[in-house]
There are 2 protein chains.
Amino acid sequence: MGRKPTGRPTSFDIAYAAGVSQPTVSRALRGDRSVSEQTRQKIQQIARDLNYTVDKNASSLRSQRSNTIALLFFEDPTPDESMINPFFLAMLGSITRACADRGLDLLISFQRMEDDWHVKYQDSHRADGLILLGYGDYTTYTPKLEKLVAQGTHFARWGSVSLDSSGATVGTDNVDAGRKVGEHLVGIGKRDIAFLGEADETCPEFLGRYTGLCKVVEDAGLPAPPRFDAITTEEAGYAAAKALLSSGGTCDAIFAASDLIAIGAMRAIAEAGKRVPNDIAVVGFDDIPAASLTTPPLTTVTQDVKGAGETLVEALLAQIDEREVKPRKLPGELVIRGSTTQN
Amino acid sequence: MGRKPTGRPTSFDIAYAAGVSQPTVSRALRGDRSVSEQTRQKIQQIARDLNYTVDKNASSLRSQRSNTIALLFFEDPTPDESMINPFFLAMLGSITRACADRGLDLLISFQRMEDDWHVKYQDSHRADGLILLGYGDYTTYTPKLEKLVAQGTHFARWGSVSLDSSGATVGTDNVDAGRKVGEHLVGIGKRDIAFLGEADETCPEFLGRYTGLCKVVEDAGLPAPPRFDAITTEEAGYAAAKALLSSGGTCDAIFAASDLIAIGAMRAIAEAGKRVPNDIAVVGFDDIPAASLTTPPLTTVTQDVKGAGETLVEALLAQIDEREVKPRKLPGELVIRGSTTQN
DNA sequence: CTGAAAGCGCTTACAG
DNA sequence: CTGAAAGCGCTTACAG
């Protein structure tokens with residue numbers, strides 16, 4: 001045979017071998033129902049024998065659809081430019097799997113907040129849509145989102161669901177999760193709970209967690225939880241706890257807006273000569289792998305990472321197909337460990 | 001203006017606006033030196049104004065080059081199917097950055113050992129080459145590699161450099177790193193060192209680390225380090241240490257082939273009522289984020305993750321361009337923490 | 001159920 | 001330095 005002396009076979013080679021036209025090969029290989037069962041079988045067999053695969057570039061160019069999704073991590077530039085939040089890494093895994101299950105390819109890219117996200121993938125037709133994952137200042141983030149919407153770019157994002165009704169947003173029910181944490185802490189007899197994390201408009205997710213905590217505390221007739229700002233790093237958690245402990249105020253529990261913050265806080269607590277959980281109970285958020293390795297192990301909130309990946313991909317696909325997309329809240333689950341209960 | 005009523009502009013639109021031919025636009029935008037400076041400037045300005053980007057599918061189809069690399073993680077299927085080794089996640093970050101610096105897109109995919117890697121990307125022309133990252137049984141891995149070579153697929157891999165002279169392999173100098181660990185342990189007076197990890201042909205990297213350790217121990221006239229098999233998981237490390245401690249044998253130091261193994265081992269040591277580092281010193285490998293969080297913090301070996309990403313991408317690019325590629329060894333750095341020294 | 005024709009948006013010889 | 005022509009390998013109306 002060997003119609004083409006070099007390179008990989010094309011649909012014309014398959015067509016020649018099967019004695020049909022090239023468009024029929026294209027149809028058969030995509031499982032088009034209009035091709036007769038017999039012809040389809042034959043063509044698929046030959047394609048297999050010749051080790052043929054459809055050229056994605058040609059197919060995407062013609063059909064104007066790439067079956068590819070681009071995953072953009074964005075983050076504030078960090079001084080050490082290293083640490084990605086482990087939680088997002090877990091998300092990456094679940095999104096990868098969700099894409100693979102649907103035959104989608106996944107492009108990935110780390111973006112700085114300053115960058116022009118939209119241009120890169122959608123405009124160059126590499127991807128049918130974008131999934132946005134990240135943390136960082138929400139106030140600089142929002143205008144970019146609006147630009148994406150204005151451009152008609154398809155995207156789904158992970159984040160705070162409440163503040164944003166613009167379609168494909170998926171996130172943990174942070175208020176509910178904050179409530180669960182509050183109930184647990186109040187339930188074990190804590191009365192004086194502090195919150196560590198930037199709970200304002202720059203970070204609506206943290207704000208939700210704080211809000212949930214406040215509700216429970218208020219209902220129990222306890223003093224409102226003081227807040228100490230911290231971004232999602234161990235260093236920030238350490239500094240915030242330092243500030244809390246040296247402010248002269250007392251507290252018998254800390255709810256940190258993330259595990260990274262909680263881990264930093266535990267270091268500060270140890271340095272201050274206090275004990276976890278007896279003097280101060282500590283709760284984190286995310287359930288990163290390191291959370292079970294601290295001393296004592298960290299009580300935290302597990303987010304539904306697997307469900308998140310599935311839901312994000314589904315939401316994006318729905319948007320691409322112009323189906324209706326509603327924001328989705330996923331439940332967070334409290335995981336109780338030694339940092340809030342002695343054993 | 002508005003030549004096309006709908007959709008994004010093409011190079012024809014730019015050509016029309018600039019009063020030149022379409023091929024000239026193509027040349028100007030790629031910075032072809034043959035286009036006059038003036039024309040080039042003008043075209044680039046117009047392209048910017050019209051928010052034009054080159055259609056990657058068309059350009060890849062025509063040029064038969066995609067400027068895209070596919071990163072394949074492969075792993076033995078794990079029961080919980082969750083945990084990716086944190087070390088490879090760090091590698092992902094550095095490879096992403098190295099690709100971005102060179103204007104390459106990055107496709108990512110997790111593969112099971114059983115899968116047919118080669119077909120997926122190279123054959124469908126999505127990627128110019130593959131980077132292979134992973135762990136798992138090397139003996140099932142090698143035949144796949146050979147198949148890739150036979151197919152003329154371009155790839156670079158992270159792994160054991162010594163056993164494999166086939167081009168684009170990059171890895172830590174495991175023997176040297178093992179030696180550093182051995183010297184440290186012998187230097188602090190340990191005499192009876194055990195190795196935890198599958199140090200045979202199924203995992204040449206672990207074997208290298210063991211070999212380095214053995215050399216030092218032998219030179220010091222100490223008994224050869226016993227080996228206890230463990231794959232790279234916490235559970236396996238726990239089980240291996242259990243086996244070691246209950247074998248009735250004594251040991252005053254453990255070199256674990258990975259941090260995950262070391263963390264599991266420390267748990268087993270604590271359960272056996274022994275203290276780290278006084279009764280048993282522990283050293284890991286990889287310096288994952290969790291390594292500094294254990295009690296005591298884990299002495300380990302840092303691999304040059306940043307250099308690894310750069311080197312892998314460079315090696316792959318060289319291979320694609322048919323330039324000569326030599327295997328590259330990167331140094332590992334010992335990081336001494338509390339698990340081998342009291343303070 | 002199948003085929004002939006057109007065309008997706010580029011890049012690349014080939015001319016001049 | 002620039003243009004006219006061809007063609008990368010598919011998918012999609014359109015006919016029959």
Side-chain angles (χ1 to χ4, degrees), chain A residues 3-44 46-47 50-68 105 122-126 128, chain B residues 3-44 46-47 50-68 105 122-126 128:
Chain A
R3 301 214 55 243
K4 293 195 109 187
T6 174
R8 49 198 290 264
T10 72
S11 52
F12 284 94
D13 298 310
I14 311 297
Y16 179 85
V20 297
S21 74
Q22 179 270 334
T24 299
V25 171
S26 175
R27 293 189 191 102
L29 260 21
R30 276 174 298 123
D32 191 317
R33 308 281 312 149
S34 76
V35 178
S36 80
E37 182 59 26
Q38 196 190 346
T39 314
R40 207 189 316 166
Q41 294 290 352
K42 185 174 171 192
I43 290 173
Q44 287 178 340
I46 292 174
L50 267 53
N51 240 310
Y52 170 78
T53 50
V54 174
D55 186 307
K56 275 260 192 181
N57 295 127
S59 126
S60 299
L61 172 60
R62 181 56 237 250
S63 67
Q64 301 290 54
R65 174 143 184 180
S66 62
N67 283 313
T68 299
D105 284 339
Q122 180 102 356
D123 282 6
S124 59
H125 268 208
R126 290 307 308 272
D128 298 324
Chain B
R3 302 214 53 243
K4 296 195 103 187
T6 173
R8 50 199 289 265
T10 72
S11 53
F12 284 94
D13 298 309
I14 311 298
Y16 179 86
V20 298
S21 74
Q22 179 270 333
T24 298
V25 171
S26 175
R27 294 190 190 100
L29 260 22
R30 276 174 298 124
D32 191 314
R33 308 280 313 150
S34 75
V35 178
S36 79
E37 182 59 26
Q38 196 190 346
T39 315
R40 208 191 315 168
Q41 294 290 351
K42 186 174 172 192
I43 290 173
Q44 286 177 340
I46 293 173
L50 267 53
N51 239 311
Y52 171 77
T53 51
V54 174
D55 186 308
K56 275 261 193 182
N57 295 127
S59 126
S60 300
L61 172 60
R62 180 56 237 251
S63 67
Q64 300 291 54
R65 172 137 186 186
S66 62
N67 283 312
T68 300
D105 285 337
Q122 178 103 354
D123 281 8
S124 59
H125 268 208
R126 289 307 309 273
D128 300 324

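Every chain is numbered from 1, with letters handed out A, B, ... down the list of sequences.
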Please step through side chain to side chain contact (heavy atoms under 4.5 Å, CB included) for the pair Tyr52(A) and Leu29(A), ending with a clear verdict.
CA-CA 10 Å; Tyr52(A) 170 78; Leu29(A) 260 21; 3.4 Å; yes
What string of B, S and - do you get for nucleotides 10-16 of chain C, 5' to 3', if B is base contact, S is sugar-phosphate-only contact and - is no contact with any protein heavy atom under 4.0 Å?
BBBB---
Within the 4.5 Å heavy-atom criterion, are Arg65(A) and Asn67(A) side-chain neighbours or not?
yes
With a 3.5 Å distance limit and no angle check, can you tell me whether Ser63(B) reaches the backbone of Ser59(B) through a side-chain donor-acceptor pair?
yes
Can you find a side chain N or O atom of Ser34(A) that sits less than 4.0 Å from OP1 or OP2 on dT2(C)?
no
Bracket string, DNA chain C, 5' to 3' - pairs by Watson-Crick or G-U geometry under 3.5 Å, | interstrand:
|||.||||||||.|||
Gap between atoms CZ and C1', on Arg40(B) and dT2(D) respectively (whole Å):
14 Å
Under 4.0 Å between a Lys/Arg side-chain N and an Asp/Glu carboxylate O for Asp13(B) and Arg8(B)?
no
Separation of dG9(C) P from Asp13(B) CG (nearest whole Å)
9 Å
To the nearest Å, how far apart are Gln64(B) CD and dG9(D) C1'?
8 Å
So, for Ala18(A) and Ile43(A), which heavy atoms are closest and what is the spacing to 0.1 Å?
CB-CG1, 4.1 Å
Gln41(B) CD to dC1(D) C1': how many Å, rounded?
16 Å
Salt bridge (Lys or Arg N to Asp or Glu O under 4.0 Å) pairs, two or more places apart, involving residues 26-39 of chain A
Glu37(A)-Arg40(A)
Side-chain touch Asp55(B)/Thr10(B), heavy atoms, less than 4.5 angstrom
no
When you measure from the side chain of Thr68(B) to the backbone of Ser66(B), do you find a donor-acceptor pair of N or O atoms at a distance under 3.5 Å?
yes
Take Lys56(A) and Arg126(B) through the side chain to side chain contact (heavy atoms under 4.5 Å, CB included) test and state the conclusion after the steps.
CA-CA 6 Å; Lys56(A) 275 260 192 181; Arg126(B) 289 307 309 273; 2.9 Å; yes
Roughly how many Å is it from CD1 in Ile14(A) to C1' in dG3(C), rounded to a whole number?
18 Å
Thr24(A) side-chain N/O to dG3(C) phosphate OP1/OP2 under 4.0 Å
yes
Hey, which sits more toward the 5' end of DNA chain C by its nearest nucleotide, Leu61(B) or Ser36(A)?
Ser36(A)
Phosphate OP1/OP2 of dA4(C) contacted by Ser21(A) side-chain N/O (<4.0 Å):
no
